[in-house]
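As structure tokens, the structure follows; a few thoughts come after it.
By convention in this document, chain letters (A, B, ...) are assigned in the order of the sequence lines, proteins followed by strands, and residues within each chain are numbered from 1.
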Amino acid sequence: MPERIFIGVAWPYANGPLHLGQIAGAYLPADIFARYHRLRGNDVLMVSGTDQHGTPITIRAELEGLTPQQVVDKYHAQYLDVWEKLGISFDRYTTTGTDNHRQVVGDLFLGLMREGLIYPENGEYAYCANDNRFLPDRYVDGTCPHCGFERARGDQCDRCGRTLDPHELIDWRCHICGATPQMRESEHFFFKLSALQERLRQWVESVGQGIWRPNVYGFTMNWLTEGLRDRAITRDVEWGVPLPIEGYDDKRIYVWFEACTGYLSAAIEWSEGRTDGRTWRDYWSDPDTRGYYFIGKDNIPFHTIVWTGMLVGYSDDGNLGQLNLPVNVPANEFLSLEGQKFSTSQNWAVWVPDYLERYDPDPLRYYLSANMPEFGDADFSWREFYRRNNDELVATFGNLVHRVLTLTNRNFEGLVPAAGPLDGDDRALIERASQTLEDVAASLEEPRFREGIGKAMALAADANRYIDLKAPWRTAREDRERTATTLSTALTAIAALKTALYPFMPHASERLHALLGFDSDIMADGWTVNPPPAGQALQTPTPLFTKLDEGTVEREMAILEAQTAR
RNA sequence: GGCAAGGUAGCUCAGCGGCAGAGCGGGCGCUUCAUAAGCGCUAGGUCAUAGGUUCGAAUCCUAUCCUUGCCA
């Protein structure tokens, strides 16, 4: 009986290229999880999209002399290209700029309002009389009252890292014209999170305790223990989703309230015009569907409290019906780069489009899977990348495949040989192969990605040991049946590796599927050991992975240094 | 300043109450089918520091130091 799985992945902010930290934090784990479940025969819907609103984008647009929409279009196209090349297999990847999204946000807003969970309130906000507009926090510059940094912004100081309110700044001024702002009254809507405190706590304790990752559970309970505060959900800006009620044309919905709604609107968008009978309601209203959100740790409270608060509070007699809560939010920690944290402003980053110009996707997927920041921060270094590629991917796995295929090619004219009677060694390896699929599955269900890929690679090492023990290059001279049995058994182990590693390295697995002589879709295999049948013609072996040359690390380090100094 | 996570072999990390582990790297040996790949053996650690609980602590508690992150 197939299970239904909904996977929501963090929405990247369209104000710059993607870096490796974002891939390791959310997109790769989500994709591994999705591919595993699909191969298993489960019914998966994985969605995300570009978050196109918010002041960082309007600021970026002004910086580049573009309109916000042009900035969004540029990066959205780039993200789509990255997903394609890296193999991040979204069922739907959209943006927050669609009419559908606006509609869904409006429905949710009104549903919460009906329940008394959204209310208006007057307050004082920064206003520039010169530009005749309210100023978002980031549109106010000034001197930090804590450290004296002269180029602090109204939301935080980049030097001491403290978060600020705009009016705290010394010599505060408008980011656009430099005039001194004033405080002016404005009416805004607030989300009454305080009213949902107990319902959320009960939910978190019932689904999360002992199941969620410790940091996710701890972080969430911490928020709940400190007490939830109501939060403003509208702003006096032009770039964003309009309110679904009359009389507020100059206001927009604040991004944090609107962006997560994308999980729902993307599913609805995916559903439109389908003819196979699947609909978004299968994933959102069926209580048996399991929902997961893959995000970075900075997003934990928005997903476990704010977004779930919106779902919990929404009245189920609204347009959207009963909405499911997730069963798990496997947030990752952060990835650092050569021991220092990724920094967009200082350009300390490996940008994904740059990576993809120089290297294949799977070595990156492999390294980031084997060293994923699941339970603690992890570090990306080019030295490790080089080592993992050459010593593990090429030497252990790639070479295993290559030596077995070459031996078969040479001794059996490239046809899968029929096995004779199996001895204990043969049976042990075949048993290990199917056991590995079960072990990897168990790890991925948790999910524990590092553990999963480690178990898969252990089978490659076992198979290498088996080959050494059986020495088919020697038996080929006097015992053809023995050689046939050995190679047939080794091919079975390789077939198992193809399946076990598919979620992590789909490109390599599909190549291997073809090398083993299959012309079917790899998805037809399912999560079982499916050895190539005797007599099947193998393709002429070519290496699965490319060995990196000696200069790789030095070259990449030089690039990093150069772009940082720029 | 508060909170959280972390400090374990040269490197990357696992273990989280019962004889210090893995992978890679180093050294030695075996092998030659394979992208000089594979296999075996081996060296290498006061488990940050100081106390405490316990028959027993890398693991639990307290304090201190250091790193990173979040928040004020």
Return the orientation label for the A:Phe518 and A:His513 ring planes: parallel under 30°, perpendicular over 60°, tilted otherwise. parallel
Value in whole Å for how far the P atom of B:A22 lies from CG of A:Asp391: 18 Å
Between atom OH in A:Tyr466 and atom P in B:C33, what is the gap in whole Å? 18 Å
Give me the ring orientation class for A:Tyr217 and A:Trp212: parallel if the planes are under 30° apart, tilted from 30 to 60°, perpendicular past 60°. perpendicular
Given that both distances must come in under 3.5 Å, which nucleotide forms a Watson-Crick or G-U wobble pair with B:C28? B:G40
Within the 4.0 Å heavy-atom criterion, would you say A:Arg477 contacts the bases, only the backbone, or no part of the nucleic acid? nothing
Over 60° means perpendicular and under 30° means parallel, so classify the ring planes of A:Tyr359 and A:Phe385, tilted if in between. perpendicular
Separation of B:C33 atom C1' from A:Arg465 atom CZ, nearest Å, is 18 Å
Pair A:Tyr386-A:Asp391, side-chain donor/acceptor within less than 3.5 Å: no
What integer distance in Å separates A:Ile295:CD1 from B:C70:P? 15 Å
Nearest-neighbour nucleotide for the A:Asn464 side chain, B:C39, B:A37, B:C24 considered: B:C39
Determine the Euclidean distance between corresponding P atoms of B:C61 and B:C3; express it in Å to zero decimal places. 15 Å
Pairing nucleotide - B:U35, Watson-Crick or G-U, each distance under 3.5 Å: none
Atom C1', compared across B:G27 and B:A34: separation rounded to whole Å: 25 Å
Salt bridge between A:Arg465 and A:Asp425, side-chain N to carboxylate O under 4.0 Å? no
In whole Å, what is the span from the CG atom of A:Leu368 to the C1' atom of B:C13? 15 Å
Using a 4.0 Å heavy-atom cut-off, does A:Pro543 contact any base of the nucleic acid, only the sugar-phosphate backbone, or nothing at all? base
For the side chain of A:Glu384, starting at C-beta, report the closest nucleotide among B:U12, B:A34, B:G69. B:U12
For A:Asn299, give me all partners under side-chain hydrogen bond (donor to acceptor under 3.5 Å, both in side chains), at least two apart in sequence or on another chain. none
Among B:A34, B:G38, B:C33, which is the nearest nucleotide to the side chain of A:Ala395? B:G38
Between A:Pro472 and A:Arg229, which is nearer to the 5' end of RNA chain B once each is assigned its nearest nucleotide? A:Pro472
Checking all strands, does A:Glu333 fall into the base, sugar-phosphate, or nothing category for heavy-atom contacts under 4.0 angstrom? nothing
Taking the cut-offs as 6.0 angstrom to the six-membered ring centre and 45 degrees off its axis, would you call A:Arg235 and A:Tyr254 a cation-pi pair? yes
Distance check, C1' atoms only: B:A9 and B:A63, in whole angstrom units. 28 Å
Pick the closest RNA chain B nucleotide for A:Thr542 and for A:Ser381 by heavy atoms, then say which residue is nearer the 5' end. A:Ser381
Sub-6.0 Å ring centroid separation between A:His303 and A:Tyr263: yes
For atom CH2 of A:Trp473 and atom P of B:C30, their distance in whole Å: 16 Å
Distance in angstrom units between A:Asn371 CG and B:A14 P, rounded: 9 Å
Which of the following nucleotides, B:U32, B:U12, B:G15, is nearest to the side chain of A:Arg388? B:U12
What nucleotide among B:A34, B:C13, B:U12 has an atom nearest to a side-chain atom of A:Arg410? B:A34
Taking CG from A:Leu400 and P from B:C39, how many angstroms apart are they, rounded to a whole number? 9 Å
Geometric class of the A:His188/A:Tyr125 ring pair [parallel <30°, tilted 30-60°, perpendicular >60°]: perpendicular
Which nucleotide, if any, forms a Watson-Crick or G-U wobble pair with B:A58, using both distances under 3.5 Å? none
If pairing requires Watson-Crick or G-U wobble contacts with both distances under 3.5 Å, which nucleotide is the partner of B:G21? B:C13
Between B:C39, B:U35, B:G23, which one does the side chain of A:Asp468 approach most closely? B:C39
What does A:Asn390 touch in the nucleic acid at a heavy-atom separation under 4.0 angstrom: a base, only the sugar-phosphate, or nothing? nothing
Establish, with yes or no, whether the OP1 or OP2 oxygen of B:C33 is under 4.0 angstrom from a side-chain nitrogen or oxygen of A:Asn411. no
Determine the interatomic distance between C1' on B:U59 and the same-named atom on B:C47; round to the nearest Å. 10 Å
Give me the distance, rounded to whole Å, that separates B:C60 from B:U53 when you measure between the C1' atoms they each carry. 8 Å
Check this for me: does the side-chain of A:Asn399 come within 3.5 Å of the base of B:A34 through a donor and an acceptor? yes
Rounded P spacing from B:G2 to B:U12 in Å: 30 Å
Would you measure the distance from the P atom in B:A14 across to the matching atom in B:U31 and give it in whole Å? 39 Å
Which part of the nucleic acid does A:Ala461 contact within heavy-atom distance under 4.0 Å: base, sugar-phosphate only, or nothing? sugar-phosphate
Which listed nucleotide (B:U35, B:G25, B:U32) is nearest to the side chain of A:Val394? B:U35
With both distances under 3.5 Å as the test, what is the Watson-Crick or G-U wobble partner of B:A5? B:U67
Base, sugar-phosphate or nothing for A:Leu544? Non-hydrogen atoms, less than 4.0 Å. base
Give A:Ala378 one of three labels, base, sugar-phosphate or nothing, depending on what nucleic acid heavy atoms sit under 4.0 Å from its own. sugar-phosphate
If we take the P atom in both B:G6 and B:G40, what is their distance in whole Å? 33 Å
What nucleotide, of B:A34, B:G15, B:G69, holds the atom closest to the side chain of A:Phe334? B:G69
Which base sits across from B:U53 as a Watson-Crick or G-U pair, both distances under 3.5 Å? none
A:His402 side-chain proximity, nearest of B:C33, B:G15, B:A34: B:A34
